[in-house]
Amino acid sequence: MPESPESQRKTLEERHQMSDLERLRHSTAHVLATAICRIWPDAQFAAGPPVENGFYYDVDLEHRITPDDFEKIEAEMKKVVKENQPFEKMIVSREEALGMAKKGRLAAETERGVPSQYKIDLLEDIPEDEEISIFKNGEFWDLCAGPHVARTGNCKAYKVMSVASAFYKGDAANPQLQRVYGTAFKNKTLLTEHLERLEEAKQRDHRKIGKDLDLFHIDESVGQGLVLWKPNGSVIRQELQDFISEHLERQGYSQVFTPHIGKLDLYRTSGHFPYYADSQFPPLAEREAMKILSEEGCSCGELSNKLETGEVAGFLLKPMNCPHHIKIFQSNHHSYRDLPVRLAEFGTVYRWEQSGELGGMTRVRGFTQDDAHLFCTEEQVKDEILGCLELVKIVLGTLGMEDYRVRVGLRDPDSTKYVGNPENWDHAENALREAASTLGTEFSEEPGEAAFYGPKIDFVVKDVIGREWQLGTVQVDYNLPERFGLEYIGPDNKPHRPVMIHRAPFGSMERFVGVLIEHFAGKFPTWLSPEQVRILPISEKFETPAQEAYERLRKAGVRVTVDTTAEKVGAKIRLAQLARIPYMLIIGAKEQELNQVSVRHRDRGDEGSVGVEEFVEKLTAEIRSRSL
RNA sequence: GCUCUUGUAGCUCAGGGGUAGAGCACUUCCUUGGUAAGGAAGAGGUCACGGGUUCAAAUCCCGUCAAGAGCUCCA
């Protein structure tokens, strides 16, 4: 995640550890600023750091920079590079720096009538004991701690990528600046390679592949962020559910089903309402109450107030499954001998995500979690967490997703959004930390990433554009058992409070499948492929043997079709390839005579001909083993 | 939610003040073939929606809705 440098100020020491590439990109950011400054001298610059795939510079400017301007900016950058200006560092006192900023001399080529306002502000953020430096390239002077490459001539492989807006210092209360993104590499070859990679990544985008392969559809008239799973996508989802269900069975889970709504009071108890009302769909008021209120001429605002205070009863589309599962747990008395109780449900939840956040399947407003809640004793917590982690590892391993990172989300000591007592938090955080250390994978502890009710372990993967997505998650919760007054009877014949664990190995089916589409670039392993085999008769004459092979495969439970169109095999193969179908069976005179089929694999190509029985045997073994 | 960009056939896109165009997909016919595109004909669109300007709007302006990128957010 590109952090804004202001909010996460780097120490000078950290800055000097900048890699060569970061240094180059940082310098190229200065070249960009120099160019922009020459084209629009009234430009006011804020910060311009290197980021994961390049750099950006934030600029406040009357003129709206559009992609049409990129060529002009790049041409001006080229001149700056050609001038081969040395980057010179000058140590100045705070007063000198402030003086320059007031004359508009910072992030500029000359003194200007107006002060360099953002630089003045940034100056204030520099700690008293830190040295203040100006970096000059040619006439362009900028407040900057460096480090830089030797000369602008080193920055010869760059590209202005995009322009977007960003809040100054990442705070929505601040003015919005234009953030110009660029990238830079040591040489043109590396730059070209990078651009090609980006182009490839575009081809893997789950929104594109989802359309090409008919996996899902999002319809304007249904609503933003509400995914319609088409038949092909549904096959994948169902296969994933069956897969995980086998492991749930093995691990002693019980499957449950619960409705999509619950009374507001339920969520008052859980703390989700009205505390998180902004991120929920608005409540549904009861019909009778609505009628009375409308007769009284009650406004929407009043209604929503009455719903919040509880004067009017209503229901909420569930933002989480936990309260329902808790009520299942509470519907029986539990002995310590019953624990752990593990309740699993593919539970659909609804959250009112900001419109600007929605995208494809990875950020949606209605989604199905492969959810479960474990109710256990304090002593069982650790083993149960390990069981959950095992599940996540099985999921990621089976799908060949190796490129993930593990994040232990802890509470932010400075925030007040967390509920529950600090002692329980310490317990829970320690339990997770211990469990994470048994993973055999590196993990990072990140304060502030905890859920409001407890700490968690997240498995985070990147999508094609480098954005990170939380998939699998395991969360320890001491809070909800407290709020709902959960208990079990211990060996001492006294009531005790159980601990709750929330976990979802996939996270949500929508997000997981979205990421999975990109992971496989649409080439799902056979067991997940919506269409596993397509039979391609060479001409109409061979439709009978094709039909026989089809029936045989159907009987074996294979998802198979026959392409009977009046096309040549070449065309049929092309379509099957585009549909990423794992196996094509070609049947012509030769095969008919030998009672065989010619096997073509989408990646391995022609694999020669075999008898149908033999093919069915190998294929079903491949599917059963869920091999990659 | 904010800023910018975009919205034309099922898909990918061209065009652009004088009432619509290509390729693919679709339908029908011809072709009966050997590992990534055989041929012909046909059908398909209130140019996202609602206003405004104009003799005339798909085209210009405003609003709404939706999508994309980034920011903010994400129990």
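All values below come from the heavy atoms of this structure, side chains included, with hydrogens, waters and symmetry mates left out.
Judged by distance alone with a 3.5 Å cut-off, no donor-acceptor contact links the side chain of A:Glu540 to the base of B:rG33. Between the side chain of A:Glu220 and the base of B:rC65, no donor-acceptor pair of N or O atoms lies under 3.5 Å. Between the side chain of A:Ser162 and the base of B:rA69, no donor-acceptor pair under 3.5 Å is found. A donor-acceptor contact under 3.5 angstrom links the side-chain atoms of A:Arg363 to the base of B:rC73.
A close approach under 4.0 Å does occur between a side-chain nitrogen or oxygen of A:Gln224 and OP1 or OP2 of B:rA66. One finds no side-chain N or O of A:Arg534 lying less than 4.0 angstrom from the OP1 or OP2 phosphate oxygen of B:rA36. Listed pair A:Lys211 / B:rU12 meets the phosphate criterion, a side-chain N or O lying under 4.0 Å from OP1 or OP2. OP1 or OP2 of B:rC71 has not a single side-chain nitrogen or oxygen of A:Lys169 nearer than 4.0 Å. Residue A:Arg207 places at least one side-chain N or O closer than 4.0 Å to OP1 or OP2 of B:rG68.
Look at A:Arg405 and A:Glu468 and you find a salt bridge, because one of the NZ, NE, NH1 or NH2 atoms lies within 4.0 Å of a carboxylate O, short of that distance. Under 4.0 Å is where a charged nitrogen must lie from a carboxylate oxygen, and between A:Lys202 and A:Asp205 no such pair does.
Here, B:rA37 and B:rC30 have their P atoms 24 Å apart, quoted to the whole Å. Separating the P atom of B:rC11 from that of B:rC4 is a span of 28 Å, rounded to the nearest Å. Separating the C1' atom of B:rG21 from that of B:rA14 is a span of 7 Å, rounded to the nearest Å. B:rG17 and B:rG70 have their P atoms separated by 33 Å, given to the nearest Å. When the P atom is compared between B:rC55 and B:rA69, the two are found 43 Å apart, to the nearest whole Å. The P atoms of B:rG38 and B:rG33 are separated by 15 Å, rounded to the nearest whole Å.
Nucleic acid contact for A:Leu358: sugar-phosphate only, since backbone atoms but no base atoms lie under 4.0 Å from a heavy atom of the residue. Counting non-hydrogen atoms under 4.0 angstrom, A:Glu607 reaches nothing in the nucleic acid. Using a 4.0 Å heavy-atom cutoff across all strands shown, A:Gly608 reaches no nucleic acid atom at all. Residue contacts for A:Glu591: at a heavy-atom cut-off of 4.0 Å it reaches a base atom on one of the strands shown. The residue A:Val569 sits close only to the backbone: its heavy atoms come under 4.0 Å of sugar-phosphate atoms, none of a base.
To the nearest 0.5 Å, atom OH of residue A:Tyr168 and atom CD of residue A:Gln44 are 11.0 Å apart.
The partner of B:rA40 is B:rU28, by the rule that a Watson-Crick or G-U pair needs both atom distances under 3.5 Å. Using Watson-Crick or G-U wobble geometry with both donor-acceptor distances under 3.5 Å, B:rC4 finds its partner in B:rG68.
When each of B:rU31, B:rA75, B:rU3 is scored by its nearest atom to the side-chain atoms of A:His272, the top-ranked nucleotide is B:rA75. Among the nucleotides B:rA36, B:rA75, B:rG33, the one closest to any side-chain atom of A:Gln577 is B:rA36. Nearest nucleotide to the side chain of A:Phe167, out of B:rG38, B:rG33, B:rC71: B:rC71. Counting only heavy atoms from C-beta on, A:Met320 has its side chain closest to B:rA75 among B:rU31, B:rA75, B:rC73. Distance from the side chain of A:Tyr276 is smallest for B:rA75 among the nucleotides B:rA36, B:rA75, B:rG33. Of all nucleotides listed (B:rG70, B:rG1, B:rG34), B:rG1 comes nearest to the side chain of A:Gln354. You'll find that the side chain of A:Ala164 is closest to B:rA69, out of B:rA75, B:rA69, B:rC73. Taking the side chain of A:Arg574 as heavy atoms from C-beta on, and the options B:rA36, B:rG34, B:rA75, the nearest nucleotide is B:rA36.
Aromatic ring pairs are classed by plane angle as parallel below 30°, tilted from 30° to 60° and perpendicular above 60°; the pair A:His272 and A:Tyr267 is perpendicular. Relative ring orientation between A:Phe452 and A:Tyr276 is described as tilted, the plane-to-plane angle lying within the 30° to 60° band.
In this structure, the NZ atom of A:Lys572 is 16 Å from the P atom of B:rU31, given to the nearest Å. One atom, CG of A:Asp563, and another, P of B:rG34, lie 16 Å apart when rounded to the nearest Å. Counting to the nearest Å, the P atom of B:rG33 and the CD atom of A:Glu543 are 14 Å from each other. The nearest whole Å value for the distance from the NE2 atom in A:His217 to the C1' atom in B:rC11 is 13 Å.
A cation-pi arrangement is present between A:Arg179 and A:Tyr56 under the rule of less than 6.0 angstrom and at most 45 degrees off the ring axis.
Both A:Ser355 and A:Ser598 lie near RNA chain B, and the one whose nearest nucleotide falls closer to the 5' end is A:Ser355. Residue order along RNA chain B, read from the 5' end via each residue's closest nucleotide, puts A:Gly588 first among A:Gly223 and A:Gly588.
Taking the six-membered ring wherever Trp is involved, the centroid distance between the rings of A:Tyr453 and A:His502 falls below 6.0 Å. Separation of the A:Phe45 and A:Tyr118 ring centroids does not fall under the 6.0 Å cut-off.
An aromatic stacking contact between A:Tyr181 and the base of B:rG70 is absent, as defined here by ring centres under 5.5 Å apart and ring planes under 30° from parallel.
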